[in-house]
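I have placed the structure first, in the form of structure tokens, so that the comments after it can refer back to it.
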Number of protein chains: 2
Amino acid sequence: MEKTKNIEYGCPVEATLGVIGGKWKPLILWQLKEDVLRYNTLQQMLPGISPRMLTKQLRELEDDGIVNRKMYPEIPPRVEYSLTDFGKTIIPVLEALAQWGLTYMDIRQEKDMK
Amino acid sequence: MEKTKNIEYGCPVEATLGVIGGKWKPLILWQLKEDVLRYNTLQQMLPGISPRMLTKQLRELEDDGIVNRKMYPEIPPRVEYSLTDFGKTIIPVLEALAQWGLTYMDIRQEKDMK
DNA sequence: CAGAATCCCGAAAGATACTG
DNA sequence: CAGTATCTTTCGGGATTCTG
């Protein structure tokens, strides 16, 4: 079993980045924004992610109360991931990040041109 | 001289996190939110940061067009850092992150109690 | 199908000493 | 005062193999 992190956040901005930051979490959350998805589907929507990473990020999001994991006791197994009600409160934040990112990419585009 | 990064961003959220992410940048930006600060002042407001890190982060923010570096040719030297006009557009995003972080920290508080 | 268990690597960050 | 130059450490993430 891997050790789970338990960081003390002094600053609320850091706290948020601790939850949604990293390479994969924004992408995972973006996919779950308005869909309920199974493990394999999620993996297919995130090209290049390894099962280890996908599981790790999902577990952390689960521990943070963002993501809900629903397991069906079938064979073959089926597991569905979705945002919790609390998880949904982060969508506007993600959209603010995306919005600013778009204008930033435009600016960079121009600068890199000349 | 250290190599400067030049990443390609597929996702706008990633782009934003690339600019304001990392351990120190949010804190630096938070300090510069409404003040013009000199190098040493900044260092004192960020307990634990090494000069190497402070310079590195400031340079990156400068390259990204977020921070302005004004140098006065005096002895001893004086250098003031501030947000550019474009840099100021990220303040609402930071505040959204901070806002959500506060409620998140509350939730965690409760959960860790029981 | 949905993962768990290992092993591994590079980038990010830290420590420290020095300088125009 | 405002950095630079080196060296070292940590850690997020990747690759691969195996299983109930």
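Lettering follows sequence order; numbering is per chain, from 1. Heavy-atom basis, side chains included; hydrogens, waters and symmetry copies ignored.
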_Please check if the number of heavy atoms outside A/K70 that lie under 6.0 Å from its NZ is greater than 12._
no
*Of all the nucleotides listed (D/dC1, D/dT16, C/dC1), which has the minimum atom distance to the side chain of B/P76?*
D/dC1
*Can you tell me how far C1' of D/dA2 sits from CD of B/Q44, to the nearest Å?*
12 Å
*Could you tell me whether A/R69 and A/E80 have a side-chain N and a carboxylate O separated by less than 4.0 Å?*
no
*Round to the nearest Å and state the distance from B/L54 atom CG to D/dC1 atom P.*
14 Å
_Spacing between B/K23 atom NZ and D/dT10 atom P, to the nearest angstrom_ = 13 Å
*Whole Å only: how far is the CD atom of A/E74 from the C1' atom of C/dG3?*
16 Å
*How many Å lie between CZ on A/R52 and P on D/dG14, as a whole number?*
10 Å
*Go through C/dA2, D/dG13, D/dA2 for me and flag the one nearest to the A/Q57 side chain.*
D/dG13
*Among C/dC1, C/dA4, C/dA17, the one nearest A/R38 by side-chain distance*: C/dC1
_Taking only side-chain N and O atoms of A/R69, does any of them lie within less than 4.0 angstrom of OP1 or OP2 on C/dG3?_
yes
*Round to a whole Å and report the spacing from OH of B/Y72 to P of D/dG3.*
13 Å
*Map B/G48 and A/N40 onto DNA chain C by nearest heavy atom, then report which one ends up closer to the 5' terminus.*
A/N40
*Which of these nucleotides, C/dC1, D/dG14, D/dA2, is closest to any side-chain atom of A/M53?*
D/dG14
*Identify the heavy atoms of B/I49 and B/Q43 that sit nearest to each other, and give their distance.*
O-NE2, 3.8 Å
*Quick one: do A/E14 and B/K23 satisfy salt bridge (charged side-chain N to carboxylate O under 4.0 Å, His left out)? Show the steps, please.*
CA-CA 8 Å; A/E14 286 182 0; B/K23 178 167 177 184; over 6 Å; no
*Phosphate OP1/OP2 of C/dA4 contacted by A/K56 side-chain N/O (<4.0 Å)*: no
*Side chain of A/P51 - closest among C/dG3, D/dA2, D/dT4*: C/dG3
*B/E62 CD to D/dG3 C1', straight-line distance once rounded to whole Å*: 13 Å
*Is the distance from OP1 or OP2 of D/dG14 to the nearest side-chain N or O of A/W24 less than 4.0 Å?*
yes
*Name the nucleic acid region contacted by B/Y81, choosing base, sugar-phosphate or nothing; use a 4.0 angstrom heavy-atom cut-off, strictly under.*
sugar-phosphate
*Rounded to the nearest Å, what distance is computed from the NZ atom of residue A/K25 to the P atom of nucleotide D/dG12?*
9 Å
*Shortest non-hydrogen contact from B/I20 toward A/L17*: O-CD1, 4.3 Å
